[in-house]
Amino acid sequence: MRTALLRMLTALTCVLAACADITPVPDFSLENIAGKWYMVGFATNAQWFVNHKDTMKMGTAKLAPTDIGDLDLAYATLNADGTCWRMTHLAKKTDTPGRFTFHSQVWNNDNDMRFVDVVYDNYAVVHTIKTKEGVSEVLNKLYSRTSEISADLQQKFTQFSLDTGVLAENIVILPKNECTETTPRTFEI
C-alpha cells in the first residue's frame, strides 16, 4: 500500500512538472477569443469532479477582454432543479499571451490558465493548473462555439487530457444543457 502511494505521488509530481511546461498557442488573439462558448468537455482527476461528474451538464462561458488585456470570465450552467448557477472571474493577463491567472474566492484556489489550442470560430482547449494549500491539480476544458462537437475534436481533447495526466475515466464530454436569461439565478459571484 505504501509503495503504491509513493508511486502515485511520484507520477503526479512528474505530470505536474510536465504541465508547467505547457505553453499557450502561438499568436493568441484576445479579441478573437471573445464571445459565447459552450463548455462541452471537462477533464480532471480532482476528487470533487470524480464525485460529481455523472451529474454535470454542458454550460456556457462568456469571455470578454478588458481594456487593459485581462479577461472577464462568466460561467453559467443549469441546475437539476431548473435554476441557473453562475460564477465569474477576472483573469489577469501575464507576460505570455494566452496565459492568465486568477484567484477563485468560491473555491479558494489560485488558477494558472492557458489557451493551448484554438480555432477561434470553432473550439478552444484550455489547460488550468489549480493550486490550493500547496496542492496542484490539472483541469482541462473543451470549449466550442456550438453545442455540437466532432468525433475528431473529442479524440483530440481526450488525447491532450491523457497526455497531461488525467485518467481516461475522468475525461467527460458533457450532455447538452443551457441556462437562459429567464432562468432564475441561484448563485453569482
Side-chain angles (χ1 to χ4, degrees), residues 12 15-16 18-19 22 24-25 33 35-63 71-81 83-89 91 98-104 106-120 122-132 135-179 183 186-189:
L12 180 61
V15 165
L16 289 175
C19 290
I22 293 176
V25 65
I33 204 71
K36 180 179 178 179
W37 293 87
Y38 290 87
M39 190 170 45
V40 296
F42 216 85
T44 181
N45 292 329
Q47 194 59 51
W48 65 266
F49 177 71
V50 172
N51 294 341
H52 295 97
K53 65 184 175 184
D54 293 336
T55 61
M56 290 183 69
K57 305 267 191 270
M58 185 181 298
T60 56
K62 290 188 181 175
L63 310 182
L71 192 60
D72 275 320
L73 311 170
Y75 299 101
T77 190
L78 194 62
N79 291 319
D81 66 0
T83 60
C84 205
W85 182 85
R86 299 177 189 273
M87 181 171 56
T88 61
H89 296 295
R99 182 177 178 200
F100 299 86
T101 60
F102 64 92
H103 178 80
S104 171
V106 173
W107 308 115
N108 193 31
N109 60 19
D110 293 311
N111 295 264
D112 182 340
M113 180 179 79
R114 303 142 194 228
F115 288 86
V116 297
D117 188 9
V118 180
V119 175
Y120 295 101
N122 187 2
Y123 72 90
V125 176
V126 178
H127 174 76
T128 304
I129 300 170
K130 299 176 158 296
T131 304
K132 181 177 181 174
V135 177
S136 294
E137 298 173 323
V138 169
L139 169 61
N140 297 319
K141 292 181 184 176
L142 175 60
Y143 293 107
S144 175
R145 290 291 188 181
T146 70
S147 60
E148 303 289 333
I149 60 169
S150 68
D152 288 344
L153 186 53
Q154 288 181 36
Q155 179 54 40
K156 188 176 202 175
F157 176 69
T158 296
Q159 190 58 57
F160 174 77
S161 296
L162 291 169
D163 292 346
T164 58
V166 178
L167 300 174
E169 62 266 23
N170 295 331
I171 303 168
V172 177
I173 300 302
L174 300 167
K176 289 183 186 177
N177 199 359
E178 186 174 359
C179 290
T183 306
T186 58
F187 183 76
E188 189 166 357
I189 295 288

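Along the sequence shown, residues are numbered consecutively beginning with 1. Given the structure is predicted, the values throughout are model-derived calculations rather than measurements.
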Note, [X] side chain near [Y] side chain (heavy atom, < 4.5 Å):
X	Y	value
Leu142	Ile149	yes
Phe49	Glu137	no
Met113	Ile129	no
Asn170	Val50	yes
Asn140	Val166	yes
Ile33	Val118	yes

Keeping [X] on the side-chain end and [Y] on the backbone end, is there a donor-acceptor pair under 3.5 Å?
X	Y	answer
Asp72	Leu63	no
Thr128	Asn111	no
His89	Ser104	no
Arg145	Lys36	yes
Ser144	Ser147	no
Thr158	Gln154	yes

Would Ile22 and Thr164 satisfy side-chain contact (heavy atoms from CB on, under 4.5 Å), going step by step from the backbone distance to the final call? CA-CA 9 Å; Ile22 293 176; Thr164 58; 3.3 Å; yes
Strictly by modelled atom types, are [X] and [Y] linked by a side-chain donor-acceptor pair under 3.5 Å?
X	Y	value
Asp81	Thr83	yes
Asn108	Lys132	no
Tyr123	Lys156	yes

Locate the shortest heavy-atom distance separating Leu78 from Cys179; write the atom from each residue and the value.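 Closest pair (atom of Leu78, atom of Cys179, distance): N-SG, 3.3 Å.
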Minimal non-hydrogen separation, His52 against Trp48, with atom names: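 For His52 versus Trp48, the nearest heavy atoms are ND1-O, 2.8 Å.
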Once you round to the nearest 0.5 Å, how far does [atom1] of [X] lie from [atom2] of [Y]?
X	Y	atom1	atom2	result
Ile171	Leu162	CD1	CG	4.0 Å
Lys130	Leu139	NZ	CG	5.5 Å
Phe42	Ile173	CZ	CD1	12.0 Å

For the pair Leu174 and Val40, evaluate side-chain contact (heavy atoms from CB on, under 4.5 Å) and give the outcome as yes or no after the intermediate values. CA-CA 5 Å; Leu174 300 167; Val40 296; 5.8 Å; no
Just do the side-chain contact (heavy atoms from CB on, under 4.5 Å) check on Trp37 and Thr60 with the steps written out, would you? CA-CA 6 Å; Trp37 293 87; Thr60 56; over 6 Å; no
Set out, in order, the CA-CA distance, both residues' side-chain angles and the distance that settles side-chain contact (heavy atoms from CB on, under 4.5 Å) for Asp152 and Gln155, then state yes or no. CA-CA 5 Å; Asp152 288 344; Gln155 179 54 40; 5.7 Å; no
Under 6.0 Å from the ring centre and within 45 degrees of the ring axis: does the NZ or CZ of Lys141 meet both conditions for the six-membered ring of Tyr75?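 Lys141 over Tyr75 ring: yes.
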Ring pair (Phe, Tyr, Trp, His ring centres under 6.0 Å), that's the test. Do His127 and Phe115 meet it? Break it down for me. CA-CA 6 Å; His127 174 76; Phe115 288 86; over 10 Å; no
Would you call Asp112-Arg99 a salt bridge at under 4.0 Å N-O?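 Yes, Asp112 and Arg99 are salt-bridged.
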